[in-house]
Amino acid sequence: MAITTRHEPDHQDPADGLLDDPYGAYARLRETAPVHRIAGTDGNPAWLVTRYDDVREALADPLLSLDKSHATPGSYRGFALPPALEANLLNMDPPDHTRIRGLVGKAFTRRRVERLRAPVRRTADALLDAVEPLGRADLITAYAAPLPITVICDLLGIPDDGRRDFREWTDTLITPDPAHPEKTERAVGSLLGFFTGLLADKRREPADDILSDLIAVRDAGDRLSEDELMSLAFLILFAGYENTVQLIGNAVLALLDHPEHLAALRADPARLPAAVEEFHRYDGPAPLAIRRFPLQDVTIAGVTVPAGETVLLCLAAANRDPARFPDPDRFDPARDATGHVALGHGIHYCLGAPLARLETETALAALLERFPRLALGVPRGELRWRPSMRTRGLRELPVTF
């Protein structure tokens, strides 16, 4: 899938294997081509940045814009979302980014999120109650997915009957089928219809939830446009669960692969908060930061990237950079993993980071406490990863307990 800038028939492109063996490819790229031209997530050329110092600096560089209007015409496609879903923080620079983030940021402060610990634990316990009599389960479908979906839908005030199809629609966006583009079109249409109806319902019957608060802000003045309101609702729901699903699944797999660490965390759950940082670093759910577009020619690690071309900052590669994390391919929940960039850096640092941490910590605490005989339900080699550079997560995680 790599695009080379010159023809070298006798040499392997260091980016080969980005889907099948991502960490091997990242290591080759860091060593030999830390800024390398590849086929991006939309199939068009993009510059992949892999070393920790370069990625961290670029994440906070104001010359690298999130606004797609700065992309060279025809060079980037991305998600085919309508304007009503695209006017969100992932496509914005200051001052609009500052304004929108300020409106919703208070809902995700550490203090407010900490109040959710007991409700999140109740949800986790209820999900485990449902599967315990079965003795086995797909942990993604039965636990890792419904837990964060339930939490974020409760925060937004989405009724139970509105939660059923959302994961299917977003899965279609993240791992589109090139042979059936109509599936993506249907998913986008369904998402637009869902949020249009949801906001209309909330306007008729406001409640004590984030969406009702945002609608009140929108209807009281000009601090939020209607497209921004709907796009923000979409982003909170989508980002509020998608990465956490994969993080929980990847964390459980890492522990099953390292039973000595699983036993240590089970014996001392107070170590879980530090372990969550290592889960982010070791095998985080988002290999790439949101694409950037240089406002002018920029130089990264000695490579000049022309204005308007797509830049992909590889968080997963940066988090395995031996220049920053000694013995980076070793999973060690006791290491100091602070400084990882799995959640970003700078003004675009993940807004929902406190919630993701709390959900993952709580989900693992409940699981390890409930199931002392937790084990993989299939041979390790039969597990399959989702075929996407946008996300790092398992299709399924069969376990027995």
Side-chain angles (χ1 to χ4, degrees), residues 35 37-38 40-50 54-105 108 170 173-174 188 191 223-225 227-240 242-243 284-300 305-318 341-353 356 388-391:
V35 180
R37 208 162 183 248
I38 67 163
T41 54
D42 64 351
N44 285 326
W47 296 91
L48 186 69
V49 183
T50 49
D54 299 327
V55 168
R56 193 172 189 274
E57 181 178 353
L59 284 168
D61 189 344
L63 290 178
L64 295 176
S65 171
L66 269 66
D67 187 342
K68 290 188 292 186
S69 69
H70 295 296
T72 301
S75 69
Y76 177 80
R77 290 197 307 271
F79 289 145
L81 295 177
L85 297 179
E86 280 213 321
N88 63 59
L89 291 169
L90 302 186
N91 295 315
M92 289 181 176
D93 302 323
D96 287 336
H97 176 273
T98 308
R99 170 175 55 86
I100 299 295
R101 189 173 175 116
L103 292 175
V104 72
F108 295 99
T170 55
L173 288 181
I174 291 175
V188 171
L191 283 164
R223 298 174 65 199
L224 198 62
S225 73
D227 280 354
E228 288 171 344
L229 171 62
M230 187 176 295
S231 297
L232 190 53
F234 164 66
L235 179 62
I236 293 172
L237 184 52
F238 179 37
E242 175 59 36
N243 283 345
L288 305 173
I290 299 301
R291 73 287 172 274
R292 263 80 167 166
F293 308 101
L295 299 177
Q296 62 188 47
D297 292 0
V298 297
T299 300
I300 305 174
V305 179
E309 297 203 358
T310 304
V311 176
L312 299 175
L313 306 176
C314 191
L315 309 176
V341 291
L343 295 163
H345 172 65
I347 64 170
H348 298 290
Y349 184 79
C350 177
L351 187 65
S388 174
M389 283 182 63
R390 290 190 174 102
T391 185

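Listed here is the closest heavy atom pair of L191 and F234: CD1-CE1, 4.1 Å. The minimum heavy-atom distance linking F108 with G352 is given by the pair CD2-CA, 4.5 Å.
Checked against side chain to side chain contact (heavy atoms under 4.5 Å, CB included), A317 has the following partners two or more places apart in sequence or in another chain: Y26, R30, T50, C314. Taking D227 as the reference, P83, A84, A87, S225 meet the side chain to side chain contact (heavy atoms under 4.5 Å, CB included) condition, with sequence neighbours excluded. E57 meets the side chain to side chain donor-acceptor pair (under 3.5 Å) test with no other residue; sequence neighbours excluded. Residues forming a ring pair (Phe, Tyr, Trp, His ring centres under 6.0 Å) with F293 (at least two apart in sequence, or on another chain): Y76. When the ring pair (Phe, Tyr, Trp, His ring centres under 6.0 Å) test is applied to H70, no partner is found at least two apart in sequence or on another chain. Scanning for side chain to side chain contact (heavy atoms under 4.5 Å, CB included) contacts around P294 gives L64, V298, V305, V311, with sequence neighbours left out. Residues meeting the side chain to side chain contact (heavy atoms under 4.5 Å, CB included) test with S388, sequence neighbours left out: I174, T175, R390, T391. D93 pairs by the side chain to side chain donor-acceptor pair (under 3.5 Å) definition with S65, not counting sequence neighbours. Listed by chain and residue number, H97 satisfy the ring pair (Phe, Tyr, Trp, His ring centres under 6.0 Å) test with H348 (two or more places apart in sequence, or in another chain). Legend: residues meeting side chain to side chain donor-acceptor pair (under 3.5 Å) with R292, ordered by chain and number and at least two apart, are absent. For D54, there are no side chain to side chain donor-acceptor pair (under 3.5 Å) partners at least two apart in sequence or on another chain.
When side chains are defined from C-beta on, L59 counts as touching L315, because their heavy atoms get closer than 4.5 Å.
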Original post:
What's the verdict on side chain to side chain contact (heavy atoms under 4.5 Å, CB included) for L48 and L288, showing C-alpha distance, side-chain angles and the deciding distance?
Top reply: CA-CA 9 Å; L48 186 69; L288 305 173; 3.7 Å; yes
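Within the structure, every pair that satisfies the salt bridge (charged side-chain N to carboxylate O under 4.0 Å, His left out) test and touches residues 94-103, not counting sequence neighbours, is listed here: D96-R99, R99-E228.
Of the inter-residue distances, the one linking L90 atom CG with D67 atom CG reads 12.5 Å to the nearest 0.5 angstrom.
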